[in-house]
Amino acid sequence: MLVLLGDSTAVGIGDLVPGGWRGFGPILASAFGGNGYRNHAVSGARLADVRRTQLPQALRERPSAAVVIAGVNDTLRSDFSVRRMYEDLDHICRELTAAGASVVTVRFHDQGRVFKLPGRMRRVLKDRIDEYNRVIDVVVARHGVRCVDLHTLPGAYELETWAVDRLHPSERGHRMLAQAFAGELRALGHPVGEVSLECSGGRELTVWHHVAWLVVKGIPWLWRRGADLLPLLWIEETAVEGPVPGEALPADTGRL
């Protein structure tokens, strides 16, 4: 049994086919040699949501493999805490591996290179992504989890890899993820077939789709996130927390 846990990327947003979102999950599942596939991901989920809700559901299914993609929504909130993110991700990976599941997760790319945020906000977001990636490194090493580094994934910063919102992968991007996850699961001994990067079945986007998204979704999204994050851009000093156990990680700054 292959299970997916995470946020909107794991849901499949960005790869629209007749009937709804597809994403890398079904593509990967079609190449996976296990018996069954279940996607527990929820759009907007944070790591704590994955830990509290999705993880227990997945464990009941006794998966042999699990893909976990979450954390970006945490970096976009004013209550960002690298320590809480560490505790949640560590718990998720510990429970899955203890149950006998092979786990694959991701290190995140510089999202500001794809989604054109204002300069200061982009730098702050990159700082938080960097902090979270260091957490991922610790958890991956501790539990023997496999990891796909999105920053070094070939084609990661090419425009056609991304959907109209530039926040979620396009069909091509989801196929790239499925191919990368297949390689990691294969390295863990699972009989996973090849995944094609040839697009098939996804909706073709036009200039009108880009304009409509910007007006209907993009500007309201940026306004909501800006209202959450802008006050943090001028904070000079914040309380310092201790490092993550076993690794010298930056303390929480409360900033991107």
Novice: Which pair of non-hydrogen atoms, one from E95 and one from L59, has the smallest distance, and what is that distance?
Specialist: O-CD2, 3.8 Å
Novice: What about V67 and M1, same hydrophobic cluster or not, with Ile/Leu/Val/Met/Phe/Trp/Tyr joined at side-chain heavy-atom distances under 4.5 Å?
Specialist: yes
Novice: Using modelled atom types and a 3.5 Å cut-off, is there a donor and acceptor pairing between side-chain atoms of T161 and backbone atoms of A156?
Specialist: no
Novice: Between S8 (side chain only) and V11 (backbone N and O only), is there a donor and an acceptor less than 3.5 Å apart?
Specialist: no
Novice: Shortest non-hydrogen contact from A65 to A101?
Specialist: N-CB, 4.3 Å
Novice: Taking the basic N atoms (NZ, or NE/NH1/NH2) and the acidic carboxylate oxygens, is any pair closer than 4.0 Å for D130 and K126?
Specialist: yes
Novice: Does R83 reach the side chain of E87, with side-chain heavy atoms less than 4.5 Å apart?
Specialist: yes
Novice: Give me the ring orientation class for H109 and Y157: parallel if the planes are under 30° apart, tilted from 30 to 60°, perpendicular past 60°.
Specialist: perpendicular
Novice: Evaluate the side chain to side chain contact (heavy atoms under 4.5 Å, CB included) criterion for residues Q111 and R128: first the C-alpha distance (whole Å), next the side-chain angles of each, then the deciding distance (0.1 Å), finally the verdict.
Specialist: CA-CA 11 Å; Q111 299 199 343; R128 282 193 175 180; over 6 Å; no
Novice: Ignoring hydrogens and angles, tell me if any N or O in the side chain of R38 forms a donor-acceptor pair with the backbone of A58 under 3.5 Å.
Specialist: no
Novice: Same hydrophobic cluster for L153 and V106, using side-chain heavy-atom links shorter than 4.5 Å among ILVMFWY?
Specialist: yes
Novice: Quick one: does W21's side chain have a donor or acceptor within less than 3.5 Å of a partner on T9's backbone?
Specialist: no
Novice: If the plane angle is over 60° it's perpendicular, under 30° parallel, otherwise tilted; pick one for H174 and F24.
Specialist: parallel
Novice: Please confirm whether the backbone N or O of H143 pairs with a side-chain atom of R94, one donor and one acceptor, at under 3.5 Å?
Specialist: no
Novice: Does a donor on one side chain and an acceptor on the other come within less than 3.5 Å for H190 and S64?
Specialist: no
Novice: Is any side-chain heavy atom of I13 closer than 4.5 Å to one of S43?
Specialist: yes
Novice: Compare every heavy atom of G173 with every heavy atom of P169, then report the nearest pair and how far apart it is.
Specialist: CB-C, 3.7 Å
Novice: Following the transitive rule for hydrophobic clusters with a side-chain heavy-atom cut-off under 4.5 Å over Ile, Leu, Val, Met, Phe, Trp and Tyr, establish whether L177 and V195 coincide in one cluster.
Specialist: no
Novice: Does any part of the side chain of V68, heavy atoms only, come nearer than 4.5 Å to the side chain of L96, both counted from C-beta?
Specialist: yes
Novice: Is any side-chain heavy atom of R172 closer than 4.5 Å to a side-chain heavy atom of R175?
Specialist: no
Novice: Any non-hydrogen side-chain atom of F181 less than 4.5 Å from a side-chain atom of L2?
Specialist: no
Novice: Measuring from D49:CG to R51:CZ, what's the distance to the nearest 0.5 Å?
Specialist: 12.0 Å
Novice: Could you tell me which non-hydrogen atom of G6 sits nearest to which non-hydrogen atom of A70, and how far apart they are?
Specialist: CA-CB, 4.1 Å
Novice: Hey, does F32 have a side-chain heavy atom less than 4.5 Å from the side chain of Y37?
Specialist: no
Novice: State yes or no: do V82 and L76 share one hydrophobic cluster built from I, L, V, M, F, W and Y residues joined by side-chain heavy-atom distances below 4.5 Å, directly or via other members?
Specialist: yes
Novice: Where do E61 and H40 land on the side chain to side chain contact (heavy atoms under 4.5 Å, CB included) test, with the steps shown first?
Specialist: CA-CA 11 Å; E61 293 167 345; H40 296 284; 2.9 Å; yes
Novice: Rounded to the nearest 0.5 Å, what's the gap from CG on D137 to SG on C147? Could you check?
Specialist: 7.0 Å
Novice: So, does D74 use its side chain to make a donor-acceptor pair with the main chain of L47 at under 3.5 Å?
Specialist: yes
Novice: Nearest 0.5 Å, what's the CD-CE distance between E160 and M176?
Specialist: 9.0 Å
Novice: Please examine the side chains of R46 and R52, heavy atoms only from C-beta on, and report whether any two atoms are closer than 4.5 Å.
Specialist: no
Novice: So which atom in V103 and which in L188 form the shortest heavy-atom distance, rounded to 0.1 Å?
Specialist: O-CD1, 4.4 Å
Novice: Within this structure, what is the OG-CD distance for the pair S102 and E184, rounded to the nearest 0.5 Å?
Specialist: 11.0 Å
Novice: Cluster question for you: counting only ILVMFWY and a side-chain heavy-atom cut-off of under 4.5 Å, with indirect links fine, are V50 and V140 together?
Specialist: yes
Novice: Ignoring hydrogens, what is the shortest heavy-atom contact between E158 and W162? Give both atom names and the distance.
Specialist: O-CD1, 3.3 Å
Novice: Any Lys/Arg nitrogen of R22 or D15 sitting under 4.0 Å from an Asp/Glu carboxylate oxygen of the other?
Specialist: yes
Novice: Distance from I129 atom CD1 to L125 atom CG, nearest 0.5 Å?
Specialist: 5.0 Å
Novice: As an exercise, state the distance from CD1 of I136 to CG of N133, rounded to the nearest 0.5 Å.
Specialist: 5.0 Å
Novice: Taking the side chain as every heavy atom from C-beta outward, state whether V104 and V148 have any atom pair closer than 4.5 Å.
Specialist: yes
